[in-house]
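The next block holds one structure in the form of structure tokens; read it before the comments.
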Amino acid sequence: MSESDDRPLLARRLDDLFKTVRPKGKHWTNAEVAEELKRANPELKAGGVYLSQLRTGKRSNPSPDLLAALAKFFGVSVAYFFDDKVAESVLSQVAAIEALRQSGVRAVAMRAAGMKKENLAAITAIMDQYRQMQGLPPVTDAPVSDSPTATDGPGPSEPV
């Protein structure tokens, strides 16, 4: 989120979900999301134009049912829209998933799976040196020994 972005918090957070989270592996338009929400809950009042207005901040008071439906669609907790720590965690996880979508990164991750912590630490140190040689910024995530495993995260139907 840009610091100069003067949209309401809800608008920025919803827009971030549209831009970064890919339910079923694709980017969704406002109209497509509205259609999916109505398919899941026919009584829900939501249209593509209204979702666009929420994203731009022209509208700012969605119903609790709509917020819950949006959270469920994007696989996040409703708290994402209001709690800074939850939002930060979600966006961090989305960035990690996006990095894994890069084929080279995925290949490295697949090769590292199942290795001992000390081996992962050595490989991480080598990769950090190569990043530095290429002028890339250092990675500031948790040390390898503290990194969660695939079983520590939410399951496919659990919110992030």
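Below, each value reflects all heavy atoms present in this structure, side chains not excepted, and no hydrogens, waters or symmetry copies. As the structure is a computational prediction, the values presented were derived from the model and not from experiment.
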Rounded to the nearest 0.5 Å, what separation is found between the CG atom of L70 and the CG atom of L17? 8.0 Å
Between S92 (side chain) and E88 (backbone), is there a donor-acceptor pair under 3.5 Å? no
Which pair of non-hydrogen atoms, one from R111 and one from M115, has the smallest distance, and what is that distance? O-SD, 3.6 Å
Do V108 and M127 come within less than 4.5 Å of each other through their side chains, counting heavy atoms only? yes
Backbone N or O of R7 within a donor-acceptor pair of the R12 side chain at under 3.5 Å? yes
Below 3.5 Å, can you tabulate the donor-acceptor pairs from side chains in residues 45-57 to any protein atom, sequence neighbours excluded?
unit_1: R55; atom_1: NE; unit_2: D15; atom_2: OD1; d: 2.8
unit_1: R55; atom_1: NH1; unit_2: N30; atom_2: OD1; d: 2.8
unit_1: R55; atom_1: NH2; unit_2: D15; atom_2: OD1; d: 2.7
unit_1: T56; atom_1: OG1; unit_2: S52; atom_2: O; d: 3.2
unit_1: T56; atom_1: OG1; unit_2: Q53; atom_2: O; d: 3.2

Working to the nearest 0.5 angstrom, can you tell me the gap between L10 CG and F82 CZ? 6.0 Å
Would a single hydrophobic cluster contain both I126 and M133, if residues Ile, Leu, Val, Met, Phe, Trp and Tyr are joined by side-chain heavy-atom contacts under 4.5 Å? yes
Test side-chain contact (heavy atoms from CB on, under 4.5 Å) applied to L37 and L66, step by step: CA-CA 8 Å; L37 296 179; L66 178 56; 3.8 Å; yes
Polar contact flag, side-chain donor to acceptor under 3.5 angstrom, S89-Q93: yes
Going from CG on N41 to CZ on R39, what distance comes out if it is rounded to the nearest 0.5 angstrom? 13.0 Å
Is the number of heavy atoms from other residues, nucleotides or ligands within 6.0 Å of CD (E32) greater than 12? yes
In sequence, state the C-alpha distance, the side-chain angles, and the governing distance for H27 and F18, and then conclude on side-chain contact (heavy atoms from CB on, under 4.5 Å). CA-CA 7 Å; H27 284 287; F18 270 88; over 6 Å; no
Give a yes or no on whether K26 atom NZ has more than 12 heavy-atom contacts from other residues, nucleotides or ligands under 6.0 Å away. yes
For F74 together with Y80, are the ring centres under 6.0 Å from each other? no
Rounded distance [0.5 Å steps], OG1 in T124 versus CD in Q129: 11.5 Å
Residues which pass side-chain hydrogen bond (donor to acceptor under 3.5 Å, both in side chains) with D84, listed by chain and number, not counting sequence neighbours: R13
Could you check E43 against K38 for salt bridge (Lys or Arg N to Asp or Glu O under 4.0 Å), going step by step and ending with a plain yes or no? CA-CA 7 Å; E43 272 110 61; K38 287 185 209 174; over 6 Å; no
Chi angles and distances behind the salt bridge (Lys or Arg N to Asp or Glu O under 4.0 Å) call for K85, D83: CA-CA 6 Å; K85 287 183 180 178; D83 185 307; over 6 Å; no
